Undergrad: 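This structure is in structure tokens; I'll ask about it shortly.
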Amino acid sequence: MNKKICVVGLGYIGLPTAAMLANCGYDVVGVDTNKEVLDNLNKGKIIIEEPYLDDLVKKVVINKKLIGLNTPCEADIFIIAVPTPINENKRADMRYVINATNSIVSYVKKGDIVILESTSPVGTTTEIIKPILEKTDLEIGKDIYVGYCPERVLPGKILKELVENHRVVGGINEESAIKIAKIYKSFVKGHIYTTDTKTAEMTKLVENTFRDVNIALSNELLKICDNININVWDVIEYSNKHPRVNLLNPGPGVGGHCLAVDPWFLVESSPNLSNIIKLSRITNDSMPSYMFYSVEKLIKNTNKKITILGITYKPDVDDIRESPIIELIKILKENNYEISIYDPYVKNYPGIENNLMKCVQGSELLIIGVNHNVFKDINYEKVLKAMEGNLILDTRNSLDKEELEKIGFVYKLIGSK
Ligand code: SAJ
């Protein structure tokens, strides 16, 4: 085989994909503008937290199958995996995709394959990628093969899901889809479905929207249950015993770079038709304020110290993008609470304290922002002694109420009586 692949964007998706392809025998060049990412990569190191990725990257870098560069180069296959954020008006910011595609134009030659992996609004492949690639004077679909193959992996389980998940490939024509599917077949054990680009783009958005809407329903139920004094966790547990009901967990809000962003791409495309989708986003975005309201019910005085355990957007990852807990911290600070933060996964966040006992010293209230597994091993008796008050607010239903109450905490689970 020994084909050469150029992966543009070495983030949470690009890097694992590059390493996986390198491990399958491809010669892979990873491209990124972040010097820290490249310097580390070329030493066989990674700067993100993701199980088993460090070992795989180390192996393929030592074997010289993966190298990092700051600009693209000639290759047989190009994969674009750059961020697609939203701007302040909740519209897709496609600058990274446009820049990445422009950056490969001068290297693309006859017979090459270009794949977009970034989650993108419907029409991106045909309306953004294709016109840029036409600058090569090569015929798209005949001289170069183009398509969309969205990633579907869950942070924290990326390497497992890269291999096991089914994939959907949208080709600009059938030949492109078939050629792209063959590349992914080198490491994917799941089925690879081929279709057109718009269907694949839409499918990706629908997957994350489905999850966001489901969580929004649970979050709304939490508010209703609070209002009528019922435990939402019991209601969800019993409802889910029905064979056709599967409610997700309510919580402090939906974060990350996917669920909190992608549904807006659908709203942008059809604003008058996407009512449930938009309302779900608004509902999930309202949760940090609702958490603040729960805090105020527990602790009314301002100027009190509150400790937050966990600020990432979900457990056991180091990613704080769109984290609802960061939003909650902002609201608490605006309301004059003194905040201390402990999160062993996060290295560079302003005010983060890596000594737990120092962090909880003099605190009135402990908020469990994220249920990192390591929080189960905390000695809560010692924590309580260091605190000024004895309140815990659990936003994730992650701790044992009885045990905590036995040692003297007043434990409040959101959405419970
Ligand atoms: N969350 C809840 N309640 C739940 C589950 C999650 O409030 O029951 C919250 C989490 O705390 C987090 C957010 O939702 O803040 C998103 O977390 P997640 O674990 O649902 O998803 P992501 O963003 O880590 O990954 C999603 C996945 N999409 C789906 O499951 C449909 C993943 O497969 C995608 O590849 C990824 O988005 C992506 O990159 O698009």
Side-chain angles (χ1 to χ4, degrees), residues 9 11-17 48-51 81-86 92 116-121 148-168 190 200-222 232-233 236-237 239-240 245-266 280-281 283-288 290-291 310-328 345 368-372 394-398 414-415:
Y12 287 90
I13 303 304
L15 182 57
T17 304
I48 54 172
E49 190 79 34
E50 181 58 42
V82 293
T84 47
I86 41 169
L116 175 66
E117 277 221 20
S118 315
T119 306
S120 301
Y148 179 65
C149 182
E151 57 82 16
R152 284 177 145 175
V153 289
L154 196 70
K157 286 187 183 165
I158 291 182
L159 291 189
K160 184 173 182 285
E161 294 211 346
L162 262 181
V163 173
E164 290 176 5
N165 290 1
H166 305 306
R167 296 288 286 243
V168 179
E201 287 160 347
M202 183 71 178
T203 302
K204 170 67 196 183
L205 298 181
V206 166
E207 292 161 11
N208 283 349
T209 301
F210 166 80
R211 201 160 164 82
D212 196 48
V213 171
N214 189 330
I215 298 167
L217 175 58
S218 294
N219 282 334
E220 187 160 295
L221 293 174
L222 179 142
V232 74
W233 300 93
I236 289 178
E237 185 189 339
S239 302
N240 284 348
V245 175
N246 185 18
L247 284 160
L248 289 169
N249 289 329
V254 167
H257 213 53
C258 308
L259 269 60
V261 172
D262 305 347
W264 288 115
F265 296 172
L266 290 178
S280 299
R281 276 287 66 246
T283 303
N284 288 334
D285 279 351
S286 75
M287 295 313 288
Y290 192 77
M291 292 302 111
I311 58 167
T312 56
Y313 84 96
K314 68 177 201 173
D316 305 329
V317 298
D318 62 354
D319 194 342
I320 57 168
R321 290 177 299 175
E322 319 294 330
S323 168
I325 300 304
I326 302 278
E327 185 58 28
L328 173 61
Y345 280 88
I368 308 299
V370 165
N371 45 332
H372 290 314
D394 187 352
T395 71
R396 301 281 183 170
N397 197 6
S398 61
I414 55 157

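Worth saying up front: this structure is predicted, and the values here are computed from it rather than measured. These numbers come from the heavy atoms of this one structure, side chains and all, not from hydrogens, waters or symmetry mates. Order of appearance sets the numbers: ligands from 1, and atoms from 1 within every ligand.
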Undergrad: Please answer whether the main-chain N or O of N284 pairs with a side-chain N or O of Y290 as donor and acceptor at a distance below 3.5 Å.
TA: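 Not confirmed, Y290 side chain does not pair with N284 backbone.
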Undergrad: One thing to verify: whether R167 and E117 come together as a salt bridge, which I'm taking to mean a side-chain N less than 4.0 angstrom from a carboxylate O.
TA: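 Salt bridge between E117 and R167, a charged N being under 4.0 Å from a carboxylate O: yes.
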Undergrad: Applying side chain to side chain donor-acceptor pair (under 3.5 Å), name anything that partners N165, two or more places apart in sequence or on another chain.
TA: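 Testing N165 for side chain to side chain donor-acceptor pair (under 3.5 Å), a comparison that skips the adjacent residues, returns E161.
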Undergrad: Give the residue and atom name of whichever protein heavy atom lies nearest to atom 6 (C) of ligand 1, and the separation in Å to one decimal.
TA: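 Its nearest protein heavy-atom neighbour is I215 CD1, 3.5 Å.
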Undergrad: Does an N or O anywhere in V153 fall below 3.5 Å from an N or O of ligand 1?
TA: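 For ligand 1, there is an N or O atom that lies under 3.5 Å from one belonging to V153.
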Undergrad: Got an N/O contact under 3.5 Å between E207 and ligand 1?
TA: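 It does not: no N or O of E207 is found under 3.5 Å from an N or O of ligand 1.
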Undergrad: Which residue and non-hydrogen atom of the protein lie closest to atom 33 (O) of ligand 1, and at what distance in Å?
TA: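 Residue, atom and distance for the closest contact: R152 O, 2.8 Å.
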Undergrad: Could you state the interatomic distance from CG (N371) to OG1 (T395), rounded to the nearest 0.5 Å?
TA: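 Answer for the CG-OG1 pair, N371 versus T395, is 7.5 Å.
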Undergrad: Using heavy atoms and a 4.0 Å limit, tell me yes or no: is R396 in contact with ligand 1?
TA: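 Under 4.0 Å: yes for R396.
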Undergrad: Please state which part of R321 comes within less than 4.0 Å of ligand 1, counting heavy atoms only: side chain, backbone, both or neither.
TA: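 Answer for R321: neither.
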Undergrad: Just to confirm my output: which protein heavy-atom neighbour is closest to atom 19 (O) of ligand 1, and how far is it?
TA: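 I find the closest protein heavy atom is K314 NZ, 3.0 Å.
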Undergrad: Heavy-atom distances under 4.0 Å are what count here, so tell me which part of K204 touches ligand 1: side chain, backbone, both or neither.
TA: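 The part of K204 near ligand 1 is the side chain, not the backbone.
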Undergrad: Of the protein's non-hydrogen atoms, which lies at the shortest distance from atom 21 (O) of ligand 1, and what is that distance?
TA: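 Going atom by atom, the protein heavy atom closest to atom 21 (O) of ligand 1 ends up being L154 CD1, 3.8 Å.
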Undergrad: Starting from atom 26 (C) of ligand 1, locate the nearest protein heavy atom and write down its residue, its atom name and how far away it is, to 0.1 Å.
TA: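 Nearest neighbour among protein heavy atoms for atom 26 (C) of ligand 1, to 0.1 Å: L259 CD1, 3.6 Å.
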Undergrad: May I ask you to identify the nearest protein heavy atom to atom 22 (P) of ligand 1, giving residue, atom name and distance to one decimal place in Å?
TA: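 Scanning the protein heavy atoms, the shortest distance from atom 22 (P) of ligand 1 goes to Y313 OH, 3.7 Å.
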Undergrad: Look at atom 5 (C) of ligand 1 and say which protein heavy atom is nearest, naming residue and atom and giving the distance to 0.1 Å.
TA: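 The protein heavy atom lying closest is R211 NH2, 3.5 Å.
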Undergrad: Measure the spacing between CH2 of W264 and CD1 of I86 and express it to the nearest 0.5 Å.
TA: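 Separation between the atoms: 7.0 Å.
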Undergrad: Can you report which non-hydrogen protein atom sits closest to atom 3 (N) of ligand 1, along with the distance?
TA: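 Checked against all protein heavy atoms, atom 3 (N) of ligand 1 sits closest to N249 O, 2.8 Å.
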Undergrad: So is G251 polar-close to ligand 1, meaning N/O to N/O under 3.5 Å?
TA: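 Among all N and O atoms of G251, none is under 3.5 Å from an N or O of ligand 1.
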